[in-house]
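These notes are about the structure you will find just below.
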Number of protein chains: 2
Amino acid sequence: MRFHSQLLKNGLQIIGETSPSARSVALGFFVRTGARDEEAGVSGVTHFLEHMVFKGTLRRTALDVNRDFDKIGAHYNAFTSEENTVFYAAVLPEYLPQAVDILADILRPSLRVEDFDMEKNVIIEEIGMYEDQPTWSAYDHAKRAYFAGHPLGNSILGTPESIRGLTRDQMHGYFTRRYVAPNITVVAAGAFPWPQLVSLIKKHCAAWERGAIGRDHLREAAGAGGLRLLNKEKVVQEHVILMSSGPPAHSPLRYAADTLALAVGDDTGSRLYWDLVDPGLADAADCSFHEYEGTGAFYTSYSCEPAKAQKNLDIVLEVLHKVQLEGITQLELKQAKSKIQSRLVRGSERPMGRMQAIGMSWTYLHKYRTVDEELKAFDRVSLTTIRSLLERYSLDKATIFALGPLDKLRKPARKGRPARQSKSRV
Amino acid sequence: MRFHSQLLKNGLQIIGETSPSARSVALGFFVRTGARDEEAGVSGVTHFLEHMVFKGTLRRTALDVNRDFDKIGAHYNAFTSEENTVFYAAVLPEYLPQAVDILADILRPSLRVEDFDMEKNVIIEEIGMYEDQPTWSAYDHAKRAYFAGHPLGNSILGTPESIRGLTRDQMHGYFTRRYVAPNITVVAAGAFPWPQLVSLIKKHCAAWERGAIGRDHLREAAGAGGLRLLNKEKVVQEHVILMSSGPPAHSPLRYAADTLALAVGDDTGSRLYWDLVDPGLADAADCSFHEYEGTGAFYTSYSCEPAKAQKNLDIVLEVLHKVQLEGITQLELKQAKSKIQSRLVRGSERPMGRMQAIGMSWTYLHKYRTVDEELKAFDRVSLTTIRSLLERYSLDKATIFALGPLDKLRKPARKGRPARQSKSRV
């Protein structure tokens with residue numbers, strides 16, 4: 001493995017990890033823009049724009065984009081998150097020139113009005129589809145409730161109303177501001193000659209516009225607190241999410257946060273697994289750590305029969321409270337680290353996995369990290385690190401959100417603590 | 001990459017591909033037994049037994065199995081098909097001894113009566129869950145209709161009735177016959193020392209029973225023909241599957257069959273994609289080739305609004321008929337090969353992918369095939385090979401099965417062909 005990087009004159013960053021044993025190459029364009037960067041009135045524009053990128057350019061119709069990717073047997077896709085829009089393809093090394101050609105071309109989309117109007121319906125249908133998925137819907141609402149006004153609470157998809165209200169010119173304005181060269185990192189991993197990549201990117205992207213880049217509201221978010229309930233008769237199970245604050249992406253505590261979340265709520269062998277899933281109290285329970293620029297959050301969630309939701313809430317809060325007071329055990333720490341390291345190594349064995357990892361690391365830290373450096377960082381997590389993390393971020397200081405058939409759910413008063421204190425905690 | 005193999009005295013086969021650049025090791029136990037090997041009266045026993053394998057041994061409870069895998073951060077699972085039951089785990093190289101210990105141990109399960117009775121409910125629930133998935137359910141029914149009495153038509157899950165009727169002793173009898181050493185291949189790929197693997201397998205598996213192995217009904221199946229309709233009011237879309245005969249796993253024509261299926265029905269850029277999905281006539285359309293011991297089959301399927309099902313059936317039959325008469329184009333061939341080779345290479349970049357590939361190749365061909373050999377085999381597919389395939393196996397001679405709200409669907413008479421001929425074709 002060898003790392004390379006080059007900054008073009010227009011501010012476009014190229015990074016790459018060449019691997020002599022790889023047999024394919026994965027290529028990604030990381031645009032540092034997401035739902036958090038949307039101003040009022042354009043909710044959902046980032047995700048909608050991601051769709052429009054595949055709808056054609058000066059040189060290609062939407063059909064051409066599809067056909068050209070197909071011709072080279074590319075595995076390609078894109079995703080939009082709170083902070084990033086990423087377009088990627090994996091191909092055999094001989095097709096790198098075509099892959100760069102297509103990806104670079106579509107990143108300068110025509111945004112034709114007729115395509116824009118047609119695609120609106122697709123987006124609105126997609127919103128409807130996600131709204132029918134209680135897990136996603138609960139996540140979207142919980143995030144909004146927790147971040148309460150912080151732009152990380154912005155919905156990625158937007159609403160049917162916000163999408164209907166969007167104009168092509170608003171999207172074009174957003175594109176012009178956010179898809180500037182200095183806001184994009186081109187990332188490659190696998191089997192490719194670095195000089196070839198640089199020359200291809202220069203050929204296709206050197207003329208891309210410069211521009212000011214930035215992101216507002218980088219403060220840490222503590223969470224709104226409280227308990228909110230969204231009554232949905234049609235949903236069968238009750239879906240409950242507890243959010244609490246965690247370290248930001250640049251914090252060294254992120255490794256401890258990942259480890260802790262796994263010990264508390266991995267889908268097998270974790271505290272929540274043994275307390276909720278194994279005894280059949282909940283269908284699913286999970287704790288995961290999400291890192292963002294400037295802040296982070298733990299998402300602890302479960303879904304179950306509505307009749308069990310209240311009892312399960314008591315159990316989950318007790319689990320979080322106990323971990324907050326006592327931390328985890330040496331055995332739990334060891335097991336969580338084994339799992340993380342095993343996943344990290346397996347995820348790194350494909351160019352696609354490495355491309356995503358080095359792209360994210362560069363986006364957040366402006367740093368290249370080898371797999372070994374990442375493994376060592378997890379190795380260094382100790383019970384003391386976990387303790388420091390919990391002292392700085394209270395796992396049990398949760399904002400609670402529930403979606404499902406229930407019309408009543410209460411936050412239990414903690415046993416053995418005065419009600420006043422308990423109340424003041426959230 | 002280097003290949004190794006060793007046959008133990010009791011008939012257990014060990015094979016392995018060591019890769020200097022891998023950072024994990026994938027280990028699988030391939031038991032050559034599946035739904036096709038079930039006698040009347042024990043339908044579903046293979047899959048049920050796969051579950052019971054995780055329920056404990058003389059040395060481990062079900063909890064211990066779970067905990068021991070978790071301790072080493074293993075990614076582990078199992079699956080049952082018509083012909084194989086495979087148990088596998090991927091771990092960091094230092095945990096290979098524990099991974100062998102656990103997998104070898106659980107392959108000699110206790111099959112305790114109380115666990116057996118408890119697990120019955122899980123299986124029956126799983127059957128209900130799959131029955132609610134129209135895609136799976138249609139596949140299961142179509143297979144039964146097409147194979148009409150051939151054991152490849154056996155249901156993998158069985159029915160609630162067949163599972164309720166199973167006794168622990170029937171399962172034990174099946175286990176004793178099918179899980180004998182000569183019917184099992186241990187497969188490893190990735191980062192591991194071959195001598196260490198052999199010595200670990202010898203330690204844990206050398207005492208496994210020998211036994212006669214075999215499989216009945218290895219004749220090629222031509223398909224029953226006809227059109228069957230299963231009316232399910234509750235299902236929203238109509239799910240239609242057309243099955244036609246293809247080459248068996250050992251045939252060199254399998255490469256042409258995979259290529260042809262991709263050109264006809266890949267999920268993007270294929271004939272069915274352009275004729276059904278792109279114009280919005282169907283939500284999904286697919287053609288794939290399944291190979292078995294002794295026979296093979298093409299599965300062409302689509303799902304759509306019930307009102308469009310008849311028109312779409314006409315279109316699909318025309319697509320298959322046209323391909324049968326004219327083959328595919330040079331461009332389609334090139335594109336399909338690009339896609340297959342790209343998927344093959346990307347799938348081979350992880351030990352888990354290689355383990356599955358070399359395990360299956362050994363199971364069916366008793367041969368080791370490198371990635372390059374596989375790539376070359378696809379390279380050799382030409383329009384002439386496709387023609388030979390179609391001459392031997394008629395793609396448009398289909399057995400049709402539909403599941404959904406429709407209560408009427410007819411096989412269209414082919415335009416420009418006498419009705420008698422058209423009828424005689426199925």
Side-chain angles (χ1 to χ4, degrees), chain A residues 1 19-26 62-63 66-76 89-95 98-99 122 190-191 262-263 266-270 273-274 278 331-332 334-354 371-372 375, chain B residues 1 19-26 62-63 66-76 89-95 98-99 190-191 262-263 266-270 273-274 278 280 331-332 334-354 371-372 375:
Chain A
M1 304 273 193
S19 158
S21 64
R23 307 192 49 145
S24 72
V25 50
L63 286 191
N66 188 323
R67 284 197 167 116
D68 287 351
F69 271 130
D70 258 10
K71 267 185 212 156
I72 58 173
H75 167 67
Y76 68 100
V91 295
L92 298 185
E94 58 264 40
Y95 296 123
Q98 291 94 319
V122 175
L262 209 75
D266 191 33
D267 60 356
T268 168
S270 64
Y273 174 80
W274 293 116
D278 185 65
L331 188 70
E332 285 174 314
K334 189 167 177 291
Q335 184 170 313
K337 282 159 77 168
S338 286
K339 283 186 184 178
I340 287 186
Q341 293 180 327
S342 169
R343 287 172 199 179
L344 192 64
V345 165
R346 284 182 289 111
S348 76
E349 285 173 323
R350 294 175 89 157
M352 185 60 90
R354 281 307 287 161
V371 180
D372 283 330
L375 288 174
Chain B
M1 305 274 193
S19 160
S21 64
R23 306 191 50 144
S24 71
V25 50
L63 286 190
N66 187 323
R67 285 196 167 117
D68 287 352
F69 272 128
D70 258 9
K71 267 185 212 157
I72 58 173
H75 166 68
Y76 68 101
V91 295
L92 298 185
E94 59 263 41
Y95 296 123
Q98 290 95 318
L262 209 75
D266 191 33
D267 61 355
T268 168
S270 65
Y273 174 79
W274 292 116
D278 184 65
L331 188 71
E332 285 175 313
K334 190 167 177 288
Q335 184 170 313
K337 281 159 79 168
S338 285
K339 282 185 185 180
I340 287 186
Q341 293 180 326
S342 169
R343 287 172 201 178
L344 191 65
V345 165
R346 283 183 287 112
S348 76
E349 285 173 322
R350 294 174 87 157
M352 185 61 90
R354 281 307 287 161
V371 179
D372 283 329
L375 288 174

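We name chains A, B, ... by the order of the sequence lines, and we start the count at 1 in each one.
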(request) Determine the option with the most heavy-atom pairs under 4.5 angstrom with chain A, choosing from Lys71(B), Gln341(B), Glu349(B). (result)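 So the answer, after comparing Lys71(B), Gln341(B), Glu349(B), is Glu349(B).
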Counting heavy-atom pairs under 4.5 Å to chain B, which of [options] comes out on top?
options                                  : value
Val371(A), Leu92(A), Leu331(A)           : Leu92(A)
Gly269(A), Gly190(A), Pro20(A), Ser24(A) : Ser24(A)
His75(A), Lys337(A), Arg343(A)           : His75(A)

(message) Can you tell me which portion of Ala22(A) sits under 4.5 Å from chain B's heavy atoms? Options are side chain, backbone, both or neither.
(response)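 Contact with chain B: backbone and side chain both.
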(request) Under 4.5 Å heavy-atom distance to chain B, tell me which part of Leu375(A) shows up: side chain, backbone, both or neither. (result)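 Contact with chain B: side chain only.
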Report yes if some heavy atom in the side chain of [X] is under 4.5 Å from a heavy atom in the side chain of [Y]; otherwise report no.
X         : Y         : result
Ser342(A) : Tyr95(B)  : no
Asp372(A) : Arg23(B)  : yes
Met352(A) : Arg346(B) : no

(request) List the atom of Gly347(A), the atom of Arg350(B), and the distance in Å for their closest heavy-atom pair. (result)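 Heavy atoms of Gly347(A) and Arg350(B) come nearest at N-NH2, 3.9 Å.
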(request) Below 4.5 Å from any heavy atom of chain A, which atoms of Asp266(B) appear? Answer side chain, backbone, both or neither. (result)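 Contact with chain A: none, neither part.
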(message) What part of Asp70(B) gets within 4.5 angstrom of chain A, counting heavy atoms only: side chain, backbone, both, or neither?
(response)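 Both parts, heavy atoms under 4.5 Å.
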(message) Please evaluate residues Thr268(B) and Phe69(A) with respect to the criterion side chain to side chain contact (heavy atoms under 4.5 Å, CB included), reporting the C-alpha separation (whole Å), side-chain torsions for both, the decisive distance (0.1 Å), and the verdict.
(response) CA-CA 10 Å; Thr268(B) 168; Phe69(A) 271 130; over 6 Å; no
(message) Measuring from atom CD1 of Ile72(A) to atom NZ of Lys339(B), what distance do you get when rounded to the nearest 0.5 angstrom?
(response)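 One gets 11.5 Å once the value is rounded to the nearest 0.5 Å.
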